[in-house]
Amino acid sequence: MSQPIRVRFAPSPTGYLHVGSARTALFDWLFARKHNGKFILRIEDTDVERSTEDMTRGILEAMTWLGLHWDEGPYFQSQRLDLYQETAERLLSSGHAYRDEGAIRFKVPEGRVTYPDAVFGEIAVENDTIENFVLLRSDGHPTYHLGVVVDDIDMRISHVIRGADHISNTPKQLLLYRALGASLPVFAHLPLILGPDKTRLSKRHGATSVMAYQELGIVPEALRNFLALLGWSPGTDQEIFDDAELIQAFSLDGISKANASFNPDKLAWFNAQYLSRLPQEKLMLYLKPELIKAGLWRNSLEKEESAWFQSLIDLLRPRAKVLQDFIRQSKVFLTSDIDYDPAAVEKFLKDPKVKEYLHILASRLQALPEFTLQNTETALRSLADELGIKAGVLINASRVALTGQAVAPGIFDVMTLFGRERTVARLRI
RNA sequence: GGCCCCAUCGUCUAGAGGCUAGGACGUGGCCCUCUCAAGGCCAAAACACGGGUUCGAUUCCCGUUGGGGCUACCA
């Protein structure tokens with residue numbers, strides 16, 4: 001049968017994991033999963049000057065957060081120096097390389113290189129446009145080209161799926177494969193992700209690191225779904241994919257050649273979608289740390305109060321764009337504090353007559369046999385009828401009295417959530 | 001500059017010779033409605049340009065323009 005599918009993601013720990021690399025990692029991961037292959041993580045830390053362990057940690061953390069679990073590794077190139085040196089020596093003695101002031105350079109032969117890219121099709125380059133590149137630095141560390149090729153061969157990588165910024169590097173690497181007598185993997189280059197203005201994605205476009213999105217309250221499911229659709233299309237109109245669907249639908253054929261630009265608005269939409277449809281337990285997993293951070297957490301929320309808390313969360317779900325929205329909007333329900341928005345008070349509670357009405361409403365609610373959503377609504381609406389005023393007057397006033405804000409979930413939901421005692425007390429403003 | 005690559009609504013994209021050029025985000029309007037969301041419906045919005053090839057080009061070829069990548073003892 002065919003070779004086992006083995007793909008790798010090979011970041012260099014000279015910076016955080018940015019969204020472009022994350023998208024590459026995601027595609028590698030999807031491809032491996034789709035074909036029951038192995039997803040290998042290799043850290044290309046051969047630039048001793050710029051590589052740090054902190055960055056490595058950050059990259060692993062970001063991948064874990066995104067749910068991109070690797071099957072092998074991480075392998076570190078810095079721990080495999082012997083292999084590269086031996087290979088360089090071999091190239092030296094076979095006449096494919098030569099020494100140059102302590103470094104070892106590859107001797108680019110005459111001719112031209114072509115290779116079939118799984119995404120871009122045939123790529124061809126004349127060898128005389130390729131310089132004699134360095135394989136081994138004078139400090140004994142390999143350069144990128146030697147490192148990747150040696151490792152991809154050694155690790156029996158079947159498909160090299162990486163950013164299109166490597167298209168121009170591939171001919172050099174092809175020459176190396178040839179000089180080493182190794183068979184070629186399939187190369188699939190991914191179009192790059194650019195900023196919203198179609199220029200290279202950089203800090204000035206806002207967050208570019210994966211973990212920055214976590215801090216912004218983006219949920220990994222949303223970022224992953226968004227990234228999956230940047231440069232790849234299932235060929236259908238489906239936008240929301242769970243893991244299984246994505247793996248099922250993913251194919252190299254669906255990858256486009258044109259660079260894509262990062263659209264924060266669409267990411268925000270995906271996030272809102274996921275915030276409203278994520279399973280309760282999953283959402284709680286993301287929410288709990290935020291609530292703790294905000295000082296709003298208490299253990300009873302997942303015990304005695306859990307049913308109540310779930311209904312609060314469900315009310316907030318369609319209103320949340322980022323995780324923090326839950327925090328902001330749940331505060332008035334989770335504490336006894338209330339901040340009255342002056343503008344809201346001015347607009348809906350200023351009239352002394354309205355306060356009178358609220359007192360009457362309070363009494364009616366107090367007298368209700370059962371404090372249910374249905375009963376509170378009936379009570380309020382019939383009171384409005386009796387008073388000859390619009391229900392909206394009572395509703396808006398109640399909203400401000402109860403939450404301090406002019407904007408909140410449906411008032412009867414709010415009342416039910418607060419419960420009779422607190423509702424009545426706050427209406428008696 | 002040289003080499004390589006790319007080009008459909010503002011953005012992500014479907015399309016693989018003949019389509020009212022489809023979907024999504026965003027935008028505007030309407031509906032729902034107690035506010036805000038969510039949701040539903042509708043609308044505006046694209047084949048970069050010029051040559052070919054063809055009965056017929058968004059689609060194939062060439063060029064121009066624009067954009068991106070590489071051009072390090074960085075990856």
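The figures that follow rest on heavy atoms only: side chains count, while hydrogens, waters and symmetry mates do not. Numbered from 1 within each chain, the chains take letters A, B, ... in sequence-line order.
Of the P atoms belonging to B:C49 and B:C4, the separation is 26 Å, rounded to the nearest Å. With P as the reference atom, B:A38 and B:C6 are 39 Å apart, rounded to whole Å. A gap of 16 Å separates the P atoms of B:A37 and B:C31, to the nearest Å. Atom name P, nucleotides B:C61 and B:U8: the rounded distance is 16 Å, in whole Å. Remark: the separation of the C1' atoms in B:G67 and B:U27 is 26 Å, to the nearest Å. For the P atoms, the distance linking B:C41 with B:A57 amounts to 37 Å, nearest Å.
At least one side-chain nitrogen or oxygen of A:Gln273 sits closer than 4.0 Å to the OP1 or OP2 atom of B:G39. A sub-4.0 Å separation between OP1 or OP2 of B:C34 and a side-chain N or O of A:Arg381 is present. In this model, the phosphate group of B:A75 is not approached by any side-chain N or O of A:Thr143 to a distance below 4.0 Å at OP1 or OP2. OP1 or OP2 of B:A75 has at least one side-chain nitrogen or oxygen of A:Thr46 nearer than 4.0 Å.
Across all strands shown, B:A24 forms a Watson-Crick or G-U wobble pair with B:U11, both key distances being under 3.5 Å. B:U54 is unpaired under the Watson-Crick or G-U wobble criterion, no partner having all donor-acceptor distances under 3.5 Å. Nucleotide B:C49 forms a pair with B:G63, judged by Watson-Crick or G-U wobble geometry with both contacts under 3.5 Å. Base pairing of B:C41 is made with B:G29, judged by Watson-Crick or G-U wobble geometry with both donor-acceptor distances under 3.5 Å. Nucleotide B:A16: unpaired (no Watson-Crick or G-U wobble partner with both distances less than 3.5 Å). With a cut-off of 3.5 Å on both Watson-Crick or G-U wobble distances, the partner of B:G1 is given as B:U71.
The closest side-chain heavy-atom distance from A:Val149 to A:Ile153 is below 4.5 Å. At least one side-chain heavy atom of A:Val125 sits less than 4.5 Å from a side-chain heavy atom of A:Ile130.
Distance check, rounded to the nearest 0.5 Å: CD of A:Glu89 to CG of A:Asp82 gives 11.5 Å. The structure places CG of A:Leu383 at 5.0 Å from CZ of A:Arg364, a figure rounded to the nearest 0.5 Å. Separating the CZ atom in A:Phe27 from the CZ atom in A:Phe9 is a distance of 12.5 Å, to the nearest 0.5 Å. Atom OH of A:Tyr144 sits about 11.5 Å away from atom CZ of A:Phe133, to the nearest 0.5 Å. Atom CG of A:Leu92 is separated from atom CD1 of A:Ile104 by 4.5 Å, given to the nearest 0.5 angstrom.
The side chain of A:Phe120 lies closest to B:C6, out of B:A37, B:U13, B:C6. Relative to the side chain of A:Asn263, the nucleotides B:G23, B:U11, B:U13 differ in distance, and B:U11 lies closest. Distances were taken from every side-chain heavy atom of A:His145 (C-beta onward) to each of B:A75, B:G23, B:C34; the shortest belongs to B:A75. Closest approach to the A:Ile411 side chain among B:C34, B:A75, B:C6 is made by B:C34 (side chain taken as heavy atoms from C-beta onward). When each of B:G26, B:G23, B:C12 is scored by its nearest atom to the side-chain atoms of A:Asp237, the top-ranked nucleotide is B:G23. Checking B:C5, B:C12, B:A24 against the side-chain heavy atoms of A:Ser261 singles out B:C12 as nearest. Side-chain proximity of A:Val125 to the nucleotides B:C3, B:C36, B:C73 is greatest for B:C3.
Residue-level contact check: A:Glu239 touches the bases, meaning some heavy atom is under 4.0 Å from a base atom. Residue A:Gly231 is classed as a sugar-phosphate contact, given heavy-atom separations below 4.0 Å to backbone atoms only. Among the protein residues, A:Phe412 comes within range of the nucleic acid bases, having at least one heavy atom under 4.0 Å from a base atom. A:Ser256 comes within 4.0 angstrom of sugar-phosphate atoms only, judged by non-hydrogen atoms across all strands, and of no base. Nucleic acid contact for A:Ala406: base, since at least one base atom lies under 4.0 Å from a heavy atom of the residue. Contact annotation for A:Pro196: no contact, since no heavy-atom pair falls under 4.0 Å across all strands. Heavy atoms of A:Ala124 sit under 4.0 angstrom from primed sugar atoms or phosphate atoms, though from no base atom.
Proximity of residues 209-222 of chain A to RNA chain B (heavy atom under 4.0 angstrom from any strand atom) is not detected for any residue. Only A:Asp100, A:Glu101, A:Ala103, A:Arg105, listed by number, bring a heavy atom of residues 92-112 of chain A to less than 4.0 angstrom from any atom of RNA chain B.
Classified by interplanar angle (parallel below 30°, tilted 30° to 60°, perpendicular above 60°), the ring pair A:Phe106/A:His96 is parallel.
Within the structure, ring pair (Phe, Tyr, Trp, His ring centres under 6.0 Å) contacts touching residues 201-231 of chain A (residues at least two apart or in different chains) are A:Tyr213-A:Phe262, A:Phe226-A:Phe262.
Scanning atom types as modelled, one donor and one acceptor separated by under 3.5 angstrom connect the side chain of A:Lys266 and the base of B:A24.
For the pair A:Phe270 and A:Asp413, both in contact range of RNA chain B, the more 5′-proximal nearest nucleotide belongs to A:Phe270.
For the pair A:Leu174 CG and B:C4 C1', the interatomic distance rounds to 14 Å; values are reported in whole Å. A straight line from NZ of A:Lys257 to P of B:A16 spans 15 Å, rounded to a whole angstrom. In this structure, A:Leu17 places its CG atom 14 Å from C1' of B:A75, rounding to the nearest Å. One interatomic measurement links the two molecules: CG of A:Asn271 to P of B:A37, which rounds to 18 Å at whole-angstrom precision. A:Leu373 has its CG atom 13 Å from the P atom of B:C34, to the nearest Å. If you take CZ of A:Arg328 and C1' of B:C36, they are 14 Å apart, rounded to a whole angstrom.
Ion pairing between a basic and an acidic side chain is recognised when a charged N comes within 4.0 Å of a carboxylate O; A:Glu377 and A:Arg381 show such pairing.
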With a cut-off of 3.5 Å and sequence neighbours excluded, list every side-chain donor-acceptor pair involving residues 396-412 of chain A.
from	atom 1	to	atom 2	distance (Å)
A:Asn396	OD1	A:Arg399	NH1	3.2
A:Asn396	ND2	A:Gly392	O	3.1
A:Ser398	OG	A:Leu394	O	2.6
A:Thr403	OG1	A:Arg399	O	2.7
A:Thr403	OG1	A:Gln405	N	3.1
A:Thr403	OG1	A:Gln405	O	3.3
A:Gln405	NE2	A:Asp339	O	2.9

For residues 343-357 of chain A, dump all side-chain donor-acceptor pairs below 3.5 Å to protein atoms at least two apart in sequence or in another chain.
from	atom 1	to	atom 2	distance (Å)
A:Asp351	OD1	A:Lys353	N	2.9

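For the pairing with A:Gln85, the side chain to side chain contact (heavy atoms under 4.5 Å, CB included) check across A:Leu135, A:Leu136, A:Leu146 returns one residue only, A:Leu136.
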*asked:* Across nucleotides 64-70 of chain B, 5' to 3', mark each nucleotide with B, S or - according to how protein heavy atoms within less than 4.0 Å reach it.
replied: ---SSBS
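For CD of A:Glu49, the number of neighbouring non-hydrogen atoms (other residues, nucleotides, ligands) closer than 6.0 Å is 12 at most.
Both tests hold for A:Arg426 against A:Phe418: distance to the six-membered ring centre under 6.0 Å, angle to the ring axis within 45°.
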